[in-house]
Visitor: 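This is the structure I have questions about; it appears just below.
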2 protein chains.
Amino acid sequence: MSASQSLVLDGERSEIVKGPVRVGKRSGVSEEKAMAALKDHSEAERRRRERINAHLNTLRGLVPCTEKMDKATLLAEVITQMKQLKKTATEYSKGLTIPMDDDEVKVEPHNEGDGTFSLTASLCCDYSPQLISELRQALKTLPLNIVKAEISTLGGRVKNVFVFTSYKDTNSDNAEACQVLVNSVHQSLTSVLDKVSAAADYTLPNKRRRISFIDSSSSSS
Amino acid sequence: MSASQSLVLDGERSEIVKGPVRVGKRSGVSEEKAMAALKDHSEAERRRRERINAHLNTLRGLVPCTEKMDKATLLAEVITQMKQLKKTATEYSKGLTIPMDDDEVKVEPHNEGDGTFSLTASLCCDYSPQLISELRQALKTLPLNIVKAEISTLGGRVKNVFVFTSYKDTNSDNAEACQVLVNSVHQSLTSVLDKVSAAADYTLPNKRRRISFIDSSSSSS
DNA sequence: AGGCACACGTGAAGC
DNA sequence: TGCTTCACGTGTGCC
């Protein structure tokens with residue numbers, strides 16, 4: 001565009017101008033100004049690029065196995081990672097909150113694909129002193145290993161979460177058998193829930209013990 | 001560079017070439033090839049830009065309040081959000097994992113700044129049947145409300161997490177009083193830990209009950 | 001080659 | 001108005 005000028009802004013070790021060729025005495029000054037503006041512009045743009053790339057690189061540090069990855073693929077990876085993190089975070093917090101108004105029984109199968117089969121089951125209801133022993137009796141008849149058990153209470157409500165694995169003679173890729181397990185666990189927990197909530201209807205004095213499971217456990221009564 | 005050719009690749013509604021000016025019969029074909037290559041190149045580059053920008057836009061959808069934000073600032077926001085998510089996620093999972101080898105007592109004050117004062121305390125040790133009643137007795141002497149209680153077991157280990165709030169007559173901005181509370185809670189839990197672990201040393205048969213707290217609770221012994 | 005990904009400088013549009 | 005951000009086409013190096 002500009003007549004008889006070749007401005008070379010080197011990216012690495014700039015020797016800025018190559019051929020500040022004389023063009024005319026008076027038009028030269030305005031051209032120099034325009035050139036300076038152009039140089040400022042390209043430098044600013046370079047700083048912008050550097051800013052973006054710096055952030056991109058710190059993202060590489062945050063997401064594993066992206067050290068030499070494409071920009072676009074890196075961003076895609078960031079997206080999936082972010083979604084995953086959000087999901088697990090809300091899942092964790094979901095696991096920590098206790099629904100106040102509704103009793104619930106949930107059973108979820110986790111077919112890992114590697115042949116193992118696990119189950120997480122949860123029961124949430126008002127606290128009742130018989131609850132734990134009822135639960136124990138109900139669960140020990142099931143053909144499942146208890147891997148992990150959690151009890152949490154908040155304001156008179158109690159939530160029990162269990163993680164089971166099936167005995168290894170149970171075929172994990174037998175979808176039907178797995179469904180049977182899910183159903184029996186669900187049924188066991190539901191019957192526990194029915195039993196304790198029915199008992200609570202008649203033994204109202206127990207409700208005064210609802211502040212914490214620790215207030216009214218088995219030994220002192 | 002190219003002599004007497006002006007290739008215009010319009011970004012919006014491309015009428016691709018403006019002036020396929022005759023230049024010569026034989027050099028024309030090579031020039032046309034070069035031009036086609038150039039066009040492919042710019043189109044590929046455009047697709048790349050679109051890929052990146054699409055990912056950037058989905059990131060905008062993932063991070064709040066970034067709808068009209070700068071690319072660089074958006075990425076910065078993504079970074080902070082991601083760090084935050086990672087932190088809370090590991091914090092949650094930290095709360096759910098149970099150290100296998102070391103017993104521990106932890107007490108952490110949470111001064112909210114709004115005048116309320118809360119405490120989370122945790123005790124992690126081998127399961128012992130007396131643990132729960134010991135805990136109950138130890139905690140009920142403390143001038144604290146139990147807001148939330150969790151018990152989780154995994155492989156014979158048990159972790160108890162409690163959230164307390166202080167009675168409202170305790171001045172929350174009195175750092176000294178808060179520290180006293182922290183200390184007394186810590187001391188109570190430590191004494192419980194000492195008691196049950198000392199008992200476990202002598203009553204080794206109890207160790208067979210360690211598979212789950214549900215195996216050996218209070219009612220049947 | 002020939003596709004791919006990157007950095008660059010530049011024109012245009014928004015405050 | 002200048003300053004910033006964006007999209008674009010291009011040059012270049014790397015499989």
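Labels below follow one simple rule: chain letters A, B, ... track the order of the sequence lines, proteins then strands, and each chain is numbered from 1. Only this structure's heavy atoms are used, side chains among them; waters, hydrogens and symmetry mates stay out.
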Visitor: What is the separation between atom CD on Glu45(A) and atom P on dC6(D), rounded to the nearest whole Å?
Guide: 9 Å
Visitor: Could you tell me how far apart Asp70(A) (CG) and dG13(D) (P) are, to the nearest whole angstrom?
Guide: 20 Å
Visitor: Could you give the CG-to-P distance, from Leu75(A) to dA5(C), as a whole number of Å?
Guide: 13 Å
Visitor: Can you see if the side chain of Arg49(A) gets near the phosphate of dC8(C) - specifically, an N or O under 4.0 Å from OP1 or OP2?
Guide: yes
Visitor: Stepwise, does the salt bridge (Lys or Arg N to Asp or Glu O under 4.0 Å) test hold for Glu150(A) with Lys148(A)?
Guide: CA-CA 7 Å; Glu150(A) 295 176 30; Lys148(A) 188 172 185 349; 3.3 Å; yes
Visitor: Take Asn53(B) and His41(B), find for each the nucleotide of DNA chain D with the closest heavy atom, and name the residue whose nucleotide sits nearer the 5' end.
Guide: Asn53(B)
Visitor: Does Lys86(A) NZ have over 12 foreign heavy atoms under 6.0 Å away?
Guide: yes
Visitor: When the distance from CD1 of Ile52(B) to C1' of dC6(C) is rounded to whole Å, what number comes out?
Guide: 9 Å
Visitor: Between dC3(D) atom P and Asp40(A) atom CG, what is the distance in whole Å?
Guide: 7 Å
Visitor: Side chain of Arg46(A): nearest nucleotide among dC6(D), dA7(C), dC8(C)?
Guide: dC8(C)
Visitor: May I ask you to evaluate whether Arg48(A) reaches the phosphate of dC6(D), defined as a side-chain N or O under 4.0 Å from OP1 or OP2?
Guide: yes
Visitor: Which nucleotide wins on minimum distance to the side chain of Ser42(A), given the candidates dA5(C), dC6(D), dG9(C)?
Guide: dG9(C)
Visitor: Check this for me: does any side-chain nitrogen of one of Arg48(B) and Glu45(B) sit under 4.0 Å from a carboxylate oxygen of the other?
Guide: yes
Visitor: Could you give the CZ-to-P distance, from Arg60(A) to dC6(C), as a whole number of Å?
Guide: 7 Å
Visitor: In whole angstrom, give the distance that lies between atom CZ of Arg47(B) and atom P of dC4(C).
Guide: 8 Å
Visitor: Decide whether Asn183(B) and Gln179(B) meet the rule of one side-chain donor and one side-chain acceptor closer than 3.5 Å.
Guide: yes
Visitor: When you measure from the side-chain N and O atoms of Lys39(A) to the phosphate of dT10(C), is any distance below 4.0 Å, counting only OP1 and OP2?
Guide: no
Visitor: Measuring to OP1 and OP2 of dT5(D), would you say a side-chain N or O of Arg51(A) lies under 4.0 angstrom away?
Guide: yes
Visitor: So does Lys68(A) get a side-chain nitrogen or oxygen closer than 4.0 Å to the phosphate oxygens (OP1/OP2) of dA5(C)?
Guide: no
Visitor: Charged N to carboxylate O below 4.0 Å: is that the case for Arg157(B) and Asp103(B)?
Guide: yes
Visitor: Return the value, rounded to whole Å, for the distance between atom CD of Glu50(A) and atom P of dC6(C).
Guide: 16 Å
